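The structure appears below as structure tokens.
The first residue of the sequence shown is numbered 1, and numbering continues consecutively from there. Bear in mind the structure is a predicted one, so any value in this text is a computation, not a measurement. As a basis for the values below, the full set of heavy atoms in this structure was taken, side chains included, without hydrogen atoms, waters or symmetry mates.
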Amino acid sequence: MRDERNIREVAQLGVQWLGFIFYPRSPRYVEPDELARLDLEAIHAKRVGVFVNASPERMMATARTCRLDYLQLHGEESLDDCYALQKRGYSLIKAFPVATREDLERTQAYEGRVDYFLFDTRCAGYGGSGRPFDWSVLAEYKGETPFLLSGGIRPGHEEAIQSFRHPRLAGIDLNSGFEREPGLKDIEKLSAFIRAI
């Protein structure tokens, strides 16, 4: 997100986390200084900064500037990167593209190094494809780290969300399926979906 009014409207729906994309090649990119200038003091939702292969130093600088609560690592960040951020007190979400049960094996090395995993649809490049993956694959996830479900969730998926069960499911990521344009959420769609689930 990047529009102050839209951020306020979304926050009023009771969402717990708000995402800010700091990957310059994303159509949802927001400049850290621009975000820092917005008046978001009254918003209680946690702030999640999304990065792709940024250096730990850059992520920490952006976290300070924008007062981020979580850093979401959406690239090929190493265990050393995670450790460097973790030992400085940062809370981390590590994204993994998923299509098959073998994709889940990559999470094992990151157990204890991040606070959450995010399971997204596997696609070319970084960022979302706007398409869901086969959530039944997640029955094979036996890790201890809680996860967020992502990947093409949109209006019409209410029943699927309600019936999905996993002991480590911590939340769902609602993004492009609820946008009027990149970075601008459709409040009516989002509100109706949240009420439905």
Open item on the list: Before you tell me yes or no, could you show the steps for D120 and L118 under side-chain contact (heavy atoms from CB on, under 4.5 Å), namely the whole-Å CA-CA distance, both residues' side-chain angles and the distance that decides it to 0.1 Å?
Closed with: CA-CA 6 Å; D120 201 355; L118 180 141; 3.8 Å; yes

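- Here the shortest heavy-atom pairing between R101 and V137 reads N-CG1, 3.5 Å.
- Around atom OH of Y83, no more than 12 heavy atoms belonging to other residues, nucleotides or ligands sit under 6.0 Å away.
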Open item on the list: Go through it in stages, so that I can follow the logic: the residues are E179 and K189, the test is salt bridge (Lys or Arg N to Asp or Glu O under 4.0 Å), and I'd like the CA-CA distance, side-chain angles, deciding distance and then a yes or no.
Closed with: CA-CA 9 Å; E179 287 183 325; K189 282 185 182 178; over 6 Å; no

Could you tabulate the donor-acceptor pairs under 3.5 Å formed by side-chain atoms of residues 84-95, not counting sequence neighbours?
from, atom 1, to, atom 2, distance (Å)
Q86, OE1, R113, NH1, 3.2
Q86, NE2, G112, O, 2.9
Q86, NE2, R113, O, 3.3
R88, NH1, A84, O, 2.8
K94, NZ, G75, O, 2.9
K94, NZ, E77, OE1, 3.4

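- For the atom pair OG1 (T62) and CG (D33), the distance works out to 9.0 Å, reported to the nearest 0.5 Å.
- A donor-acceptor pair is defined here as one N or O able to donate and one able to accept, closer than 3.5 Å; no such pair exists between the side chain of S26 and the backbone of Y23.
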Side chains of residues 138-145: which donor-acceptor partners sit under 3.5 Å, not counting sequence neighbours?
from, atom 1, to, atom 2, distance (Å)
Y141, OH, T145, N, 3.3
Y141, OH, T145, O, 2.6
K142, NZ, A139, O, 3.0
E144, OE1, R168, NH2, 2.8
T145, OG1, E111, OE1, 2.8

- [ ] List the steps, then state whether side chain to side chain donor-acceptor pair (under 3.5 Å) holds for D134 with S136.
- [x] CA-CA 5 Å; D134 180 1; S136 68; 2.7 Å; yes

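- Summarising the geometry, atom CZ belonging to F22 is positioned 14.5 Å from atom CZ belonging to R28; distances are rounded to the nearest 0.5 Å.
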Open item on the list: I'd like to know whether L149 forms a side-chain contact (heavy atoms from CB on, under 4.5 Å) with D173, so could you lay out the CA-CA distance, the side-chain angles of the two residues, the decisive distance to 0.1 Å, and finally the verdict.
Closed with: CA-CA 6 Å; L149 184 61; D173 175 47; over 6 Å; no

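- Atom CE of M1 sits about 7.5 Å away from atom CG of D3, to the nearest 0.5 Å.
- In this structure, M60 is a member of the same hydrophobic cluster as L79, with clusters built from ILVMFWY side-chain heavy atoms closer than 4.5 Å.
- A salt bridge links R106 with E76: the closest approach of a Lys/Arg side-chain nitrogen to an acidic carboxylate oxygen falls below 4.0 angstrom.
- In this structure, CG in L13 is found 5.0 Å from OG in S191, a value given to the nearest 0.5 Å.
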Task: F193 and F178: CA distance, side-chain angles, deciding distance, ring-ring contact (aromatic ring centres under 6.0 Å, His included) verdict - done: CA-CA 9 Å; F193 189 86; F178 297 89; 4.9 Å; yes

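- Under a hydrophobic clustering in which Ile, Leu, Val, Met, Phe, Trp and Tyr are joined whenever their side-chain heavy atoms come within less than 4.5 Å, directly or via other members, L18 and I153 fall into the same cluster.
- Looking only at side-chain heavy atoms (C-beta outward), E159 and I197 stay at 4.5 Å or farther from each other.
- The environment of E9 atom CD is dense: over 12 non-hydrogen atoms of other residues, nucleotides or ligands sit within 6.0 angstrom.
- Hydrophobic clustering (side-chain heavy atoms under 4.5 Å, transitive across Ile, Leu, Val, Met, Phe, Trp, Tyr) keeps L184 apart from I21.
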Pair up each side-chain donor or acceptor in residues 35-51 with any protein partner under 3.5 Å, not counting sequence neighbours, and list the distances.
from, atom 1, to, atom 2, distance (Å)
E41, OE2, R67, NH1, 2.6
E41, OE2, R67, NH2, 3.1
R47, NH1, C66, O, 3.0

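- In this structure, CD1 on I187 lies 9.5 Å from CZ on R5, to the nearest 0.5 angstrom.
- L71 CG to L73 CG: the interatomic distance, rounded to the nearest 0.5 Å, is 6.5 Å.
- Nearest heavy atoms, Y116 versus A170: CE2-CB, 3.7 Å.
- Here the closest heavy-atom approach between residue Y110 and residue F96 is recorded as CD1-CZ, 3.6 Å.
- In this structure, W135 and F133 have perpendicular ring planes: the angle between them is above 60°, well past the 30° mark.
- Between F119 and F147, the two ring planes are tilted [angle within 30° to 60°].
- When atom types are taken as modelled, the side chain of E158 and the backbone of G156 share a donor-acceptor pair closer than 3.5 angstrom.
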